[in-house]
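The chain is numbered in sequence order, starting from 1. Note that the structure is a prediction, hence the values are computed from the model and not measured.
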Amino acid sequence: METQSKLAQTIVILDFGAQYTQLIARRIREQNVFSVVLPCTATLDEVKGYTPVGIVLSGAPWSVYDKDAPPADARVFELGMPVLGICYGLQFMVHALGGKVRPADKREYGHAEVDIVAESVLFQGLAKRQQVWMSHGDEALELPSGFELIAKTAHAVAGIQNVAKKWYAVQFHPEVHHTRNGTEILRNFVFEICGAKPTWTPQHFIDSTVEQVRQQVGSGRAICALSGGVDSSVAAVLVDRALRDASGKPRLTCIFVDNGVLRKNEFEKVQQTLRDKLGLRLDAVDATDRFLGKLKGVSDPETKRKIIGNEFIAVFEDEAHRIEKEEGSVDYLVQGTLYPDVIESRSVRGPSQVIKSHHNVGGLPEKMKLRLIEPLKDLFKDEVRKIGRDLGMPEEILRRQPFPGPGLAVRVLGEVTPERLAVLRECDDIVVTEIKHAGLYTKIWQSFAVLLPVMSVGVMGDMRTYAYTCAIRAVSSEDGMTADWVNLPHEVLKNISTRIVNEVKGVNRVVYDITSKPPGTIEWE
């Protein structure tokens, strides 16, 4: 991160636990300015380590006067740089700088109208009345010294500023689409107030990351955990570019492991794609028995993820040892970890909750011999695809739907057995085939089948059946942090259901999941 922070101006977002925090980062990055989310408990040294040109204070589901309100170092206001408070961020700013916050007489949630009542660079170019999205139960009663009111609703303070200090705050959420001109407000903060330049581009990221990896690895060697998905493939191509010697010989070996929970024909297809289309040095390892043996009798989702994470590392370390015997020391493991993986696994968002462990983050063992290289860990999925295009990668790889690291193990609910996996593979293949046939595959974030541990009575050919239930899941999303279920055409659902019941022995019932995220996650486990 040091190389990146030196080359790119950064907006640091201090997260107090709001559900919208990642959207702030996305809206800023869309302006080609790098932004990073740190927990509100981050030290001043951590904040300064990113050489920020501005700081954003996020919202939170708390009140500043609560005993368990998330702590933050108020000395952030002494760093001499612009600060933007959003919702709770406004209240924290008021509270920390000597003003007063109280429970509002009238809480405001959802759509609201805000009147701009004073000149402000923050609202430059905007009409005097704005449609915004509110979500708060407290209000600023008294402003700190040096502040003035710049926007209000019919019931409360909606915007304040201290021009001399370059401190600004709004009570609404400019990062959500419901705030009609929210992007313009953030753009005014980033460019007009912070003076940032739109220099963070895919090519800039590629150049700085390649240089960083070269410095980190030196003349050493690395292996890459390759799944064939977008993330690991882009990470592999990026690191491969950094670790080619003068003659073009690779010092990166990609390891593709058949962990027994891959989709139908995936082991063969991925090998062909990665060797032929990307020119990567690839070793394929069949570890099916090894993984399924460890998973035998295990039903708990988190335990499954931990087992798979641990076993992946064990396989990679075995492969590294083999390569060392033939070519020399291997010290690094490359993974395609993304920002949402980190957020959901490690709860970097201060008081936010860990949602689930990802095999390449929270599922890793505490002690491992290989040091990690995660070149994409600050990126969202759509940003990774942009990087891949600038690397010249083919669309058939970049447009692949996400597939979880633990594979079908988290789509077979309950114990993972060879029999259940075989049933799910056939169901999943039908889902993907029909979605592609309908021309919807690249328009949907994820579409897949889930095998439920639910047996039900059916009738087929006048015979009673007692078989599994298959759930179909299809969601739309920008980055996997939130998602909406897709209203698939009736004909598509009909074809999927008919084919599964007729073609897959062991399934007699198909259901469709119409749960968004939140409250549900995309995967069922």
Side-chain angles (χ1 to χ4, degrees), residues 228-230 261-270 272-273 381 394-404 407-414 416-478 480 483-517 520-525:
V230 178
V261 288
L262 296 177
R263 290 169 289 193
K264 187 176 180 179
N265 300 325
E266 183 122 24
F267 193 50
E268 295 76 22
K269 288 179 181 177
V270 168
Q272 183 179 13
T273 299
K381 177 76 74 174
E395 283 296 313
E396 66 184 272
I397 294 176
L398 298 178
R399 298 308 303 176
R400 289 194 74 186
Q401 292 182 359
F403 185 63
L408 299 182
V410 291
R411 293 179 181 174
V412 170
L413 271 59
V416 179
T417 66
E419 176 219 10
R420 290 180 174 180
L421 285 169
V423 171
L424 179 58
R425 281 194 185 95
E426 296 303 320
C427 293
D428 187 74
D429 187 61
I430 289 171
V431 171
V432 174
T433 299
E434 291 299 322
I435 293 289
K436 286 183 176 179
H437 181 71
L440 298 173
Y441 183 79
T442 59
K443 300 175 183 178
I444 294 174
W445 178 263
Q446 274 176 274
S447 49
F448 55 89
V450 180
L451 190 67
L452 307 185
V454 176
M455 307 288 283
S456 67
V457 173
V459 57
M460 298 177 71
D462 295 328
M463 295 289 291
R464 178 187 184 276
T465 63
Y466 189 59
Y468 285 112
T469 301
C470 174
I472 308 304
R473 181 81 158 137
V475 298
S476 61
S477 178
E478 285 187 354
D484 292 318
W485 64 276
V486 174
N487 189 5
L488 286 176
H490 174 267
E491 196 65 25
V492 175
L493 286 173
K494 178 183 175 182
N495 290 343
I496 289 173
S497 177
T498 301
R499 284 195 59 192
I500 287 176
V501 171
N502 286 337
E503 298 175 27
V504 183
K505 187 176 181 180
V507 176
N508 67 357
R509 192 175 299 272
V510 177
V511 298
Y512 189 52
D513 182 353
I514 58 170
T515 312
S516 293
K517 175 186 180 179
T521 54
I522 294 177
E523 299 295 340
W524 276 48
E525 288 191 342

Please examine the side chains of V457 and R464, heavy atoms only from C-beta on, and report whether any two atoms are closer than 4.5 Å.
-> yes
Rounded distance [0.5 Å steps], CG in L493 versus CD1 in I472 | 8.0 Å
Please report the closest heavy-atom contact between G506 and A467, naming both atoms and the distance.
-> O-CB, 3.2 Å
Given side chains that start at C-beta, do those of S456 and N508 come closer than 4.5 Å, heavy atoms only?
-> yes
Would you please test W445 and K381 for side chain to side chain contact (heavy atoms under 4.5 Å, CB included) and show each step?
-> CA-CA 10 Å; W445 178 263; K381 177 76 74 174; 3.2 Å; yes
Of the non-hydrogen atoms in R425 and L262, which two are nearest, and what is the gap between them?
-> NE-O, 2.7 Å
Just wondering, do Y512 and N487 contact through their side chains at under 4.5 Å, heavy atoms?
-> no
Over all heavy atoms of both residues, which pair between V507 and C427 is shortest? Give the atoms and the distance, please.
-> CG2-SG, 3.9 Å
Pick from D513, L451, V410, T515: which one makes a side-chain contact (heavy atoms from CB on, under 4.5 Å) with W524?
-> D513
CG on L488 to CD on E434, rounded to 0.5 Å | 11.0 Å
Measure the NZ-OG1 distance between K505 and T465 for me, rounded to the nearest 0.5 Å.
-> 12.0 Å
So, Q446 side chain and P402 main chain: donor-acceptor pair closer than 3.5 Å or not?
-> yes
For R399 and Y441, the nearest pair of non-hydrogen atoms, with its separation, is O-CE2, 3.6 Å
Side-chain contact, heavy-atom cut-off 4.5 Å: L408 with R411?
-> yes
Could you check if a side-chain atom of R420 sits within less than 4.5 angstrom of a side-chain atom of Y468, using non-hydrogen atoms only?
-> yes
Between atom CD1 of I514 and atom CZ of R473, what is the distance when rounded to the nearest 0.5 Å?
-> 10.5 Å
Non-hydrogen side-chain atoms of L413 and E525 separated by less than 4.5 Å | yes
So do L440 and P489 actually touch side chain to side chain, heavy atoms under 4.5 Å?
-> yes
For the pair T498 (side chain) and K494 (backbone), establish whether a donor and an acceptor sit closer than 3.5 Å, ignoring hydrogens and angles.
-> yes
NZ of K436 to CD1 of I444: how many Å apart, nearest 0.5 Å?
-> 12.0 Å
Please say which of D428, I430, V423 ends up in a side-chain contact (heavy atoms from CB on, under 4.5 Å) with I500.
-> I430
Show your reasoning for whether side chain to side chain contact (heavy atoms under 4.5 Å, CB included) applies to R499 and T433.
-> CA-CA 11 Å; R499 284 195 59 192; T433 299; 3.9 Å; yes
Give a yes or no on this: more than 12 heavy atoms of other residues, nucleotides or ligands lie within 6.0 Å of atom CD of E503.
-> yes
So do S447 and V486 actually touch side chain to side chain, heavy atoms under 4.5 Å?
-> no
Closest heavy-atom pair and its distance - G480, S477 = N-OG, 2.8 Å
Between CD1 on residue I522 and NZ on residue K517, distance to nearest 0.5 Å | 5.0 Å
